[in-house]
Q: 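Once you've had a glance at the structure underneath, I'll fire off some questions.
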There are 2 protein chains.
Amino acid sequence: MTSQDLISQANGIPEEINGLRMTRQRQEIYKLLMGERSHPTANEVFMRIKESLPNISLATVYNCLEALVQHHIIRQVNFDREPSRYCPNLDEHGHFHDEATGTIHDVKFKPGINLTDILDLPPHTVIKDVEITLRGQLAFS
Amino acid sequence: MTSQDLISQANGIPEEINGLRMTRQRQEIYKLLMGERSHPTANEVFMRIKESLPNISLATVYNCLEALVQHHIIRQVNFDREPSRYCPNLDEHGHFHDEATGTIHDVKFKPGINLTDILDLPPHTVIKDVEITLRGQLAFS
DNA sequence: GCAGAAAATTAGAATCATTCCGAATTGTAT
DNA sequence: ATACAATTCGGAATGATTCTAATTTTCTGC
Ligand SMILES: [Mn+2]
Ligand SMILES: [Mn+2]
Ligand SMILES: [Zn+2]
Ligand SMILES: [Zn+2]
């Protein structure tokens with residue numbers, strides 16, 4: 001029974017995901033992202049995570065987020081040149097940025113749609129990643 | 001016959017586009033973008049534009065690019081957190097980033113495709129802008 | 001053409017999200 | 001326990017972009 005075991009037992013997150021050891025800091029950050037679903041920035045994560053980890057550093061928040069992204073546990077989302085945001089939704093989806101409220105909404109693709117079907121790609125192209133971003137407003141109903 | 005007239009006559013770009021007065025600096029930058037089509041960064045524009053405008057400043061390059069974007073004469077393109085790139089293609093299109101060469105290719109949509117058709121958007125949504133980005137490689141033929 | 005007024009350009013300083021660094025701590029394997 | 005590796009941490013450095021204030025250019029009535 002290592003201390004790592006105890007940490008994992010306490011919050012229900014396994015001690016390793018996709019080959020990444022889930023330290024206390026990584027677990028708490030991952031748990032926060034799963035709970036909020038608001039696509040927070042690194043700094044927003046930093047401010048909110050202090051409740052559970054008062055001594056964590058901003059550098060560690062960046063380290064953890066990068067590790068989680070690298071191991072495909074979360075996704076990094078960029079809007080223009082704004083600070084990066086982080087998303088725990090691993091399903092293929094796009095992001096709608098509501099300019100009125102500043103909120104970000106996940107956007108699913110309609111079933112049966114294959115993105116490469118609608119694009120006129122050069123031949124012999126291997127696509128590793130697709131990103132779809134929308135900006136606009138939720139109109140009055 | 002103002003000096004502005006003379007500048008425009010010399011390079012075939014009108015003295016005003018979309019309500020933006022096309023100064024010498026704006027004209028040369030626009031001409032460079034139209035000619036190269038390589039989606040250069042602000043700094044790449046700065047380095048290349050010195051051939052025609054040896055005394056231009058980097059601040060002016062940023063100012064001009066922003067003015068051209070604001071007046072919908074060119075588009076600003078972002079890949080993750082890399083420096084912004086600039087694109088003179090005003091047709092609706094996406095961007096394919098070839099990781100092998102670092103080059104960026106415009107990607108057309110297949111005819112008759114309406115992007116909002118394939119997305120499961122929240123109701124009463126007004127989309128102002130859509131961005132599609134692809135990363136991958138051109139495979140051996 | 002000539003005096004403002006307005007707009008554009010410029011060099012350099014400031015900003016700020018992110019990355020880097022080196023030291024301290026923690027975890028793992030033997 | 002000891003040795004080695006990985007992680008965390010505070011603070012410094014980075015770098016694309018923006019800001020500022022001074023200068024230059026252009027425009028708008030006369
Ligand atoms: Mn963008
Ligand atoms: Mn991106
Ligand atoms: Zn998302
Ligand atoms: Zn383009």
Side-chain angles (χ1 to χ4, degrees), chain A residues 1-9 13-30 39-47 49-50 52-71 73 76-86, chain B residues 1-9 13-30 39-47 49-50 52-71 73 76-86:
Chain A
M1 175 77 71
T2 69
S3 68
Q4 189 63 252
D5 293 332
L6 288 172
I7 295 172
S8 292
Q9 232 171 20
I13 292 176
E15 28 187 311
E16 192 173 309
I17 303 183
N18 292 354
L20 180 71
R21 185 158 58 86
M22 292 300 277
T23 63
R24 179 82 203 282
Q25 287 87 343
R26 289 171 185 160
Q27 286 180 21
E28 291 295 337
I29 288 172
Y30 180 55
H39 300 85
T41 64
N43 197 57
E44 286 166 352
V45 170
F46 179 52
M47 292 185 301
I49 207 72
K50 281 174 173 165
S52 52
L53 296 170
N55 297 319
I56 198 171
S57 74
L58 180 56
T60 296
V61 172
Y62 273 103
N63 286 345
C64 290
L65 289 170
E66 184 185 0
L68 292 168
V69 168
Q70 226 82 88
H71 288 76
I73 301 168
Q76 184 171 5
V77 179
N78 297 300
F79 293 93
D80 302 324
R81 300 204 53 78
E82 293 171 26
S84 287
R85 296 177 171 278
Y86 297 88
Chain B
M1 176 76 72
T2 67
S3 68
Q4 187 65 250
D5 293 332
L6 289 171
I7 294 172
S8 291
Q9 235 172 16
I13 291 177
E15 28 188 312
E16 192 173 309
I17 303 182
N18 292 356
L20 181 71
R21 184 157 59 85
M22 291 301 278
T23 63
R24 179 82 203 283
Q25 287 86 342
R26 290 172 185 160
Q27 284 180 24
E28 291 295 336
I29 288 172
Y30 180 55
H39 299 84
T41 64
N43 198 57
E44 286 166 354
V45 169
F46 178 51
M47 292 186 301
I49 207 72
K50 281 175 175 166
S52 52
L53 296 170
N55 298 319
I56 197 170
S57 73
L58 180 56
T60 297
V61 173
Y62 273 104
N63 287 344
C64 290
L65 290 170
E66 184 185 0
L68 293 168
V69 169
Q70 227 81 92
H71 289 76
I73 300 168
Q76 184 171 5
V77 178
N78 297 300
F79 292 92
D80 302 323
R81 300 204 53 78
E82 292 171 28
S84 286
R85 296 175 172 279
Y86 296 89

Q: Just checking B:N43: base, sugar-phosphate only, or nothing, at a heavy-atom cut-off of under 4.0 Å?
A: nothing

Q: Tell me whether the side-chain N/O atoms of B:R21 come closer than 4.0 Å to OP1 or OP2 in D:dT25.
A: no

Q: Taking the minimum atom-to-atom distance to the side chain of B:A59, which one of C:dT18, D:dT17, C:dA11 wins?
A: C:dA11

Q: Please give, in whole Å, the distance from C:dT18 C1' to A:F46 CZ?
A: 14 Å

Q: Examine C:dT18: is either OP1 or OP2 under 4.0 Å from a nitrogen or oxygen in the side chain of A:S84? Give yes or no.
A: yes

Q: Applying the side-chain contact (heavy atoms from CB on, under 4.5 Å) test to A:R24, which of A:R26, A:M22, A:E28 qualifies?
A: A:E28

Q: Would you name the heavy atoms of B:Y86 and B:L65 that are closest together and state the gap between them?
A: CE1-CD1, 3.6 Å

Q: Does A:Q25 place a side-chain N or O at less than 4.0 Å from the phosphate oxygens OP1/OP2 of C:dT26?
A: no

Q: So, does B:R81 get its side chain near the phosphate of D:dA16, meaning an N or O under 4.0 Å from OP1 or OP2?
A: no

Q: Show the nearest heavy-atom pair for residues A:S84 and A:N78, with the distance to one decimal.
A: OG-OD1, 2.5 Å

Q: Is the phosphate of C:dT10 approached by B:T60 (side-chain N or O, under 4.0 Å from OP1 or OP2)?
A: yes

Q: Among the nucleotides D:dC9, C:dA17, D:dA16, which one has an atom lying closest to any side-chain atom of A:Y62?
A: C:dA17

Q: Rounded to the nearest Å, what distance is computed from the CZ atom of residue A:R85 to the P atom of nucleotide C:dA17?
A: 11 Å

Q: For the residue pair B:L58 and B:F46, what are the closest heavy atoms and their distance?
A: N-CE1, 3.4 Å

Q: Would you indicate what B:N63 reaches in the nucleic acid, counting non-hydrogen atoms under 4.0 angstrom: base, sugar-phosphate, or nothing?
A: base

Q: Between A:L58 (CG) and D:dC9 (P), how many Å, whole number?
A: 11 Å

Q: Can you tell me if A:T23 touches the phosphate of C:dT26, counting only side-chain N or O atoms and a distance under 4.0 Å to OP1 or OP2?
A: no

Q: Can you list the steps and then say if B:L68 with B:I29 is a side chain to side chain contact (heavy atoms under 4.5 Å, CB included)?
A: CA-CA 9 Å; B:L68 293 168; B:I29 288 172; 4.1 Å; yes

Q: Of the candidate nucleotides C:dT18, D:dT8, D:dG10, which contains the atom at the shortest distance from the side chain of A:R26?
A: D:dT8

